[in-house]
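So the structure is just underneath, and the comments pick up after that.
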Amino acid sequence: MNTSGLLKASSAAIITALVLTACGSSSTTAPEASANTAAATSAGTSKKMDKITQTMSWFAQPEMGGHYAAQIAKIYEKAGLDVTLQQGGPQVSNVQLVASGKIQFAMANADEVVLAREQGIPVKVIYANLQTNPQNLIFHKNSGITKIEDLNGRKVYTAVGFPFWQYMSFKYKLDKVQIQSYTGSLAGFSADKDSVTQGFATNEPYVLKKQGVDVSWFLNADLGYNPYGNVIIATDAFIQKNPDLIKRYLKATTEGWDYYYAHSDEINKEINGVNKDYDLDHLKDAQAVAKDFIFGGDAKTHGVGYMSEERWQTLVSQMKEAGMIKQDISPKDLFTTDFLPTK
């Protein structure tokens, strides 16, 4: 299949495709996991805990480590929160879950939120776990690829309708690419030394190296498309009604990120218990790769979770330019930093 012009997937189909490939491949389905704080009251008091459910963007992995750490170290509990962390997966639509009121918070990609807003779905971002998006395009080292335009004429494994690919194919005129359906399997890519696959810097390069496949990659952010990753979304109504709860949740999550990187072995063992597909060596490697994505960029100055209006406006402009959205959407409808802890 060739990409002649813009892909024609509807916004609804795009959101479904985003869920399928939210955080890289997974060879088996990890067990349905929910890590709950057992205590119903805070230590030494009878104060009622606020119950929260959050769904992750994919199966448990280091890009979500701050949330797991905040729960395991009882940081959420100390903040008066009884938090359930649910894994995501290929059949989970986080935007729909939040919009329906079934859960309070969920992880998504920033471009998902733009698509949702154009559809009139009232979800907004309150926190960005990843300043730099780890999405990448992976190729064999001996393939002769040195620049993004070299993808023309080659097979590229990608999910049809994925926003990053729509923008890349538009910006770099990748109209001679042979699109192959991305399923999460790396077998086709590994067998074809001239092919390319989408992936995540924290996942596929490690997996392929373990398989003896020597690869390089383009980080999509370096190519100019860098939506905030693993953002936390909630509905407009929930945000309006629960400002104190949200402040406590985000402060505890930020403390969780510090705890994760100070107690890596402890938290990685717990994450491995939730998602067996990530062994401890893989978790250690992914955590190291993810560190600058979390603490770098504007987070160096403003703290983890920060977002800028400029970044959101750039994303909206890129998505409109590439034909993914038709309307101008105000960044104020997409995100707020009102509840972030002060650094």
Side-chain angles (χ1 to χ4, degrees), residues 22-23 35 37 52 54-81 83-88 104-110 125-134 200-203 221 226-234 245-275 278 280 282-308 311 335-343:
C23 280
T37 51
I52 296 171
Q54 177 181 313
T55 301
M56 299 305 192
S57 56
W58 199 245
F59 303 117
Q61 50 198 260
E63 296 95 308
M64 310 158 188
H67 295 263
Y68 284 101
Q71 188 172 70
I72 293 161
K74 299 187 183 301
I75 300 171
Y76 286 142
E77 184 177 338
K78 292 173 184 176
L81 303 171
V83 178
T84 298
L85 301 179
Q86 295 179 342
Q87 292 194 95
Q104 290 72 49
F105 302 125
M107 282 184 183
N109 223 37
V125 178
I126 57 175
Y127 192 88
N129 282 293
L130 303 177
Q131 292 289 313
T132 301
N133 200 299
F200 283 78
T202 51
N203 185 30
N226 186 25
Y228 289 112
N230 278 2
V231 298
I232 304 303
I233 60 173
L245 183 154
I246 293 172
K247 286 181 180 179
R248 285 183 283 131
Y249 186 62
L250 298 187
K251 184 175 185 294
T253 300
T254 299
E255 292 173 4
W257 278 117
D258 290 334
Y259 189 93
Y260 181 32
Y261 278 87
H263 303 83
S264 301
D265 292 344
E266 173 195 354
I267 305 304
N268 281 336
K269 286 179 182 178
E270 295 292 337
I271 294 176
N272 173 254
V274 177
N275 180 9
Y278 265 64
L280 292 176
H282 191 173
L283 287 165
K284 184 177 181 179
D285 182 88
Q287 184 184 11
V289 174
K291 186 173 184 178
D292 189 56
F293 297 166
I294 298 159
F295 295 98
D298 287 337
K300 290 180 180 178
T301 303
H302 300 282
V304 177
Y306 179 80
M307 298 166 286
S308 73
R311 282 275 300 272
F335 85 107
T336 177
T337 57
D338 290 349
F339 309 104
L340 295 179
T342 55
K343 190 173 181 182

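Computed from a prediction, not measured in an experiment: that's the story for all the values here.
- Distance alone, capped at 3.5 Å, places no donor-acceptor pair between the N133 side chain and the N226 backbone.
- Between Y249 and H67, the ring planes are tilted. Angles from 30° to 60° get that label.
- The nearest pair of heavy atoms linking A70 to A252 is CB-O, 3.6 Å.
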Item to complete: Decide yes or no on side-chain contact (heavy atoms from CB on, under 4.5 Å) for V231 and F335, but give the supporting numbers first.
Response: CA-CA 10 Å; V231 298; F335 85 107; over 6 Å; no
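- With hydrogens and angles ignored, the 3.5 Å screen pairs a side-chain donor or acceptor of Q71 with a backbone N or O of V83.
- Formation of a donor-acceptor pair under 3.5 Å by the T337 side chain with backbone atoms of L340 is not found in this model.
- No side-chain donor from either of Y228 and N129 sits under 3.5 Å from a side-chain acceptor of the other.
- Under the 3.5 Å distance criterion, with hydrogens and angles disregarded, no donor-acceptor pair is assigned to the side chains of Q61 and T202.
- The two atoms that bring Y260 and G66 nearest to each other are CD2-N, 4.1 Å, heavy atoms only.
- H282 and Y278 have parallel rings, their planes meeting at less than 30° on a 0 to 90° scale where 60° marks the start of perpendicular.
- Between G65 and W257 the shortest heavy-atom distance is N-CH2, 3.4 Å.
- Looking at heavy atoms from C-beta onward, D285 lies in side-chain contact with V289 at the 4.5 angstrom threshold.
- Closest approach of A69 to G256, counting heavy atoms only: CB-O, 3.3 Å.
- Here the NZ-CG distance, from K247 to D338, works out to 8.0 Å after rounding to the nearest 0.5 Å.
- Rounding to the nearest 0.5 Å gives a distance of 11.0 Å between NZ of K269 and CD1 of I267.
- The distance from atom CD of Q104 to atom CG of L81, rounded to the nearest 0.5 Å, is 11.0 Å.
- The two residues S57 and M64 come nearest to each other via the heavy atoms OG-CE, 3.4 Å.
- Separation of atoms CD1 (I232) and OG1 (T253) is listed at 7.0 Å; rounding is to 0.5 Å.
- Heavy atoms from other residues, nucleotides or ligands lying under 6.0 Å from CG of D265 number 12 at most.
- Residues I294 and Y261 meet the side-chain proximity criterion, which asks for heavy atoms closer than 4.5 Å.
- Side-chain atoms of Y76 and I52, non-hydrogen and from C-beta on, never get closer than 4.5 Å to each other.
- No hydrogens or angles considered: nothing links the side chains of Q87 and N275 as a donor-acceptor pair under 3.5 Å.
- The minimum heavy-atom distance linking A79 with R248 is given by the pair O-NH1, 2.8 Å.
- For the residue pair T254 and Y127, a side-chain donor N or O sits within less than 3.5 Å of a side-chain acceptor on the partner.
- With values rounded to the nearest 0.5 angstrom, Q54 atom CD is found 10.5 Å from T84 atom OG1.
- Formation of a donor-acceptor pair under 3.5 Å by the Y306 side chain with backbone atoms of Q131 is not found in this model.
- Side-chain atoms of N230 come within 3.5 Å of backbone N or O of E63 as a donor-acceptor pair.
- We find the CD-CD1 distance between E266 and I72 to be 6.5 Å, quoted to the nearest 0.5 Å.
- By the 4.5 Å heavy-atom criterion applied to side chains, F295 and D258 are counted as neighbours.
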